J.: 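My questions will all concern the structure given below.
FYI, side chains are in, hydrogens and waters are out, and symmetry mates aren't considered; it's all heavy atoms of this structure. Residue indices begin at 1 and follow the sequence shown. What you see is a predicted model, and the numbers here were worked out from it, not measured in a lab.
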Amino acid sequence: MCGIIGIVAHQEVNQSLFDGLTVLQHRGQDAAGIVTCENGRLFLRKDNGLVRDVFHTRHMIRLKGNMGIGHVRYPTAGCSSSAEAQPFYVNSPFGITLAHNGNLTNAEQLKEELFREDLRHINTDSDSEVLLNVFAHELQACGKLTIDREDIFNAVAGVHRRCRGAYAVVAMITGYGIVGFRDPYGIRPVVFGRRTGEKGVEAIIASESVAIDALGFERLRDIEPGEAVFIDLDGEVHSRQCATHPSYAPCIFEHVYFARPDSFIDSISVYKSRLRMGEMLAHKILQVFPGHDIDVVIPIPDTSRTTALQLSHELGLKYREGFVKNRYIGRTFIMPGQKQRRKSVRQKLNAIDLEFRDKNVLLVDDSIVRGTTSKQIIQMAREAGAKKVYFASAAPPVRYPNVYGIDMPSVNELIGHNRNEEQIAEAIGADWLVYQELDDLIRAVQKGNPHIARFDTSCFDGNYVTGDVTEEYLKQLEERRNDDAKALCDVDDDVVIDLYNNK
């Protein structure tokens, strides 16, 4: 999962891109990058680390220009290397830079095609570089010295014909503007907006509406599945549907965990969808455990707070903050490597003993993936004096890997795979465990936009919306993504050269 942003303005955009990436930092904490354009020249800075650590004053000064794109990354496979930090760049045609959120399911096939047929070289293991080269080749195929927006839209249509999987993209074409586009299923989110400044219209594309709001732009709408939105150098916005058979199927896990609660995704308030998750989860508790003896509801910060608040209201129980979070520790779910996740849980959270002592507590979390964090938190609650510890998940059991850009690796590392709820409760040490029903989760999100008839729920039910995910592909993905493979990764970032001498 990553965050992307692109801005065309009438003044320097470096600070706005920095601020926008900071707002999107929750989507990735492994690497960050910005590229800007001034008078046909590109200025790039990217490296491993948080936004605040990657960009210092000396870097910001060099990021000149009124147009630029940015990216925050967390890796879904392989190594955590600055060589794969985005944006990526290709010089032909015109000079194109690209930032991508998602995962291509046919990346290996495309690499072979790019080498043998398109005569293009791929320098990293990132599927984002593959996508960039496919887009560049399709744009070059028009055979024109100068291009217009129809040529750009035709190139995006070519990307849709060749690429499979999930992709939300911002790409900057030197001398022309910025284009944003979304895969034909709209799996990964992307939204655009505009504002009118003293010198004219300015426009923005970003992963979440919160970045648009924070920078003072007006949110217009989400980019539709298969649609491309082109912002020219004057800030004017043009759009076209570029897919033959688009079909809305956005990732429901955005609402469960990834997105900020103050964002709107596909016109759905993330905050309200989480309130409805809490309401429906409370109803299930009353059905399954009608004679429960819960004394207090405590959220596991931060994502589950909204759900837990509504759940406690529906059950008529006290809501209390029982954990204090160290905000300088990253989100454990998106940390590379199980060893680092284990180490960070107790650094991240500390229990307030008086909220647990001699009480039967219901802990509420957004989801349970590997179960490592849940097990440690339950143990912390017991050490703080809880008599009984119950656990509620706002999402159904995660039983299958996500192939569309979320780091849900080997099925053997998912605690929900081949276990029932009682077995999972025993594995994490809970007195009892309750999961959200999948139909209830869908209803909780769908109520915000009834026009969306289908969501990608593959990590819960194993139904992959793109229809091209085979057992062989899942096996290959498992070999690249499991924690043992990541532990063997040893990349010397000192050999990575910044071509723009912008360290």
J.: Show the nearest heavy-atom pair for residues Ser304 and Pro301, with the distance to one decimal.
T.: OG-N, 4.5 Å

J.: Asp232 and His238: side-chain donor and acceptor closer than 3.5 Å?
T.: yes

J.: Would you say Leu63 and Met60 make side-chain contact, with heavy atoms under 4.5 Å?
T.: yes

J.: How close do Phe135 and Ala155 get, heavy atom to heavy atom, and via which atoms?
T.: CE1-CB, 3.8 Å

J.: Out of Ile69, Val169, Val170, which residue meets the side-chain contact (heavy atoms from CB on, under 4.5 Å) rule with Ile205?
T.: Val170

J.: With heavy-atom distances below 4.5 Å as the criterion, would you say the side chains of Phe460 and Val398 are in contact?
T.: yes

J.: Between Gln436 and Ser393, is there a side-chain donor-acceptor contact under 3.5 Å, judged purely by atom types and distance?
T.: no

J.: Over 60° means perpendicular and under 30° means parallel, so classify the ring planes of Phe153 and Phe230, tilted if in between.
T.: perpendicular

J.: May I ask you to test the Thr105-Tyr404 pair for a side-chain heavy-atom distance under 4.5 Å?
T.: yes

J.: Please check: side-chain N/O of His59 versus main-chain N/O of Arg45, any donor-acceptor pairing under 3.5 Å?
T.: no

J.: Between Ser367 (side chain only) and Ala395 (backbone N and O only), is there a donor and an acceptor less than 3.5 Å apart?
T.: no

J.: Show the numbers, then the answer: is there a salt bridge (Lys or Arg N to Asp or Glu O under 4.0 Å) between Asp266 and Arg182?
T.: CA-CA 12 Å; Asp266 297 304; Arg182 198 176 183 189; 2.9 Å; yes

J.: Just checking, is any N or O donor in the side chain of His26 or Glu208 under 3.5 Å from an acceptor N or O on the other one?
T.: yes

J.: Does a side-chain heavy-atom distance below 4.5 Å link Ser267 with Arg221?
T.: no

J.: Is Arg260 paired with Asp262 through a side-chain N to carboxylate O contact shorter than 4.0 Å?
T.: yes

J.: Closer than 3.5 angstrom, by distance alone: can the side chain of Asp183 be matched with the main-chain N or O of Tyr167 as a donor-acceptor pair?
T.: yes

J.: Under 3.5 Å, is there a donor on one side chain and an acceptor on the other for Glu150 and Asn154?
T.: no

J.: If every non-hydrogen atom of Val179 is compared with every non-hydrogen atom of Ala228, which pair is closest and at what distance?
T.: CG2-CB, 4.3 Å

J.: Rounded to the nearest 0.5 Å, how far does OG of Ser128 lie from CG of Leu98?
T.: 7.0 Å

J.: Any chance you could measure Ser207, atom OG, to Leu21, atom CG, to the nearest 0.5 Å?
T.: 9.5 Å

J.: Is a side-chain N or O of Asn449 found less than 3.5 angstrom from the main chain of His451, in a donor-acceptor match?
T.: yes

J.: Would you call Ile268 and Ile452 a side-chain contact if the rule is heavy atoms closer than 4.5 Å?
T.: yes

J.: Does the cation-pi check pass for Lys272 over Phe264, that is, NZ or CZ under 6.0 Å from the six-membered ring centre and within 45° of its axis?
T.: no

J.: Look at the rings of Tyr176 and Phe94 and say which category their plane angle falls in: under 30° parallel, 30 to 60° tilted, over 60° perpendicular.
T.: perpendicular

J.: Indicate yes or no for a side-chain donor-acceptor contact from Glu117 to the backbone of Leu119 under 3.5 Å, with no hydrogens or angles considered.
T.: no

J.: Answer yes when Arg41 and Glu38 have at least one side-chain N-carboxylate O distance shorter than 4.0 Å, and no when they do not.
T.: no

J.: For the pair Arg276 and Glu279, evaluate salt bridge (Lys or Arg N to Asp or Glu O under 4.0 Å) and give the outcome as yes or no after the intermediate values.
T.: CA-CA 5 Å; Arg276 291 188 288 266; Glu279 180 180 343; over 6 Å; no

J.: Any heavy-atom pair between the side chains of Cys251 and Arg188 that's under 4.5 Å?
T.: yes

J.: Answer yes when Glu254 and Arg27 have at least one side-chain N-carboxylate O distance shorter than 4.0 Å, and no when they do not.
T.: yes

J.: Could you give the distance from CG (Leu110) to CG (Asn133), rounded to the nearest 0.5 Å?
T.: 10.5 Å

J.: Does either side chain, that of Arg120 or that of Gln140, offer a donor lying less than 3.5 Å from an acceptor on the other one?
T.: yes

J.: Rounded to the nearest 0.5 Å, what separates atom OG1 in Thr303 from atom CZ in Arg274?
T.: 5.5 Å

J.: May I ask you to decide if Lys64's main-chain N or O and Thr36's side chain share a donor-acceptor pair within less than 3.5 Å?
T.: yes

J.: Taking the basic N atoms (NZ, or NE/NH1/NH2) and the acidic carboxylate oxygens, is any pair closer than 4.0 Å for Arg162 and Asp118?
T.: yes

J.: Less than 4.0 angstrom from a charged side-chain N to a carboxylate O is my criterion; do Arg149 and Asp151 meet it?
T.: no

J.: Please determine whether a side-chain nitrogen of the Lys or Arg among Asp30 and Arg73 lies less than 4.0 Å from a carboxylate oxygen of the Asp or Glu.
T.: yes

J.: Which pair of heavy atoms, one from Ile96 and one from Ala171, lies closest together, and at what distance?
T.: CG2-CB, 4.4 Å

J.: Determine the minimum heavy-atom distance between Asp47 and Val54, stating which atoms define it.
T.: O-CG2, 3.5 Å

J.: Are any side-chain N or O atoms of Gln25 and backbone N or O atoms of Gly28, one a donor and one an acceptor, separated by less than 3.5 Å?
T.: yes

J.: Is there a side-chain contact between Glu437 and Pro396 (heavy atoms, below 4.5 Å)?
T.: no

J.: If you measure only the distance, is there a donor-acceptor pair under 3.5 Å linking the side chains of Glu129 and Thr124?
T.: yes

J.: Got a donor-acceptor contact below 3.5 angstrom from the His160 side chain to the Gly226 backbone?
T.: yes

J.: How many angstroms lie between OH in Tyr248 and CD1 in Ile187, if you round to the nearest 0.5 Å?
T.: 12.5 Å

J.: Between Gln310 and Glu314, does any side-chain donor sit less than 3.5 Å from a side-chain acceptor?
T.: yes

J.: What is the distance from atom CG of Asn463 to atom CZ of Phe455, rounded to the nearest 0.5 Å?
T.: 15.5 Å

J.: Has Arg164 got a side-chain atom pairing as donor or acceptor with Arg161's backbone, closer than 3.5 angstrom?
T.: yes

J.: Identify the two heavy atoms, one from Ala136 and one from Ser92, that lie closest to each other, and give their separation to 0.1 Å.
T.: CB-O, 3.7 Å

J.: Is the shortest heavy-atom distance from the side chain of Glu202 to the side chain of Arg194 under 4.5 Å?
T.: no

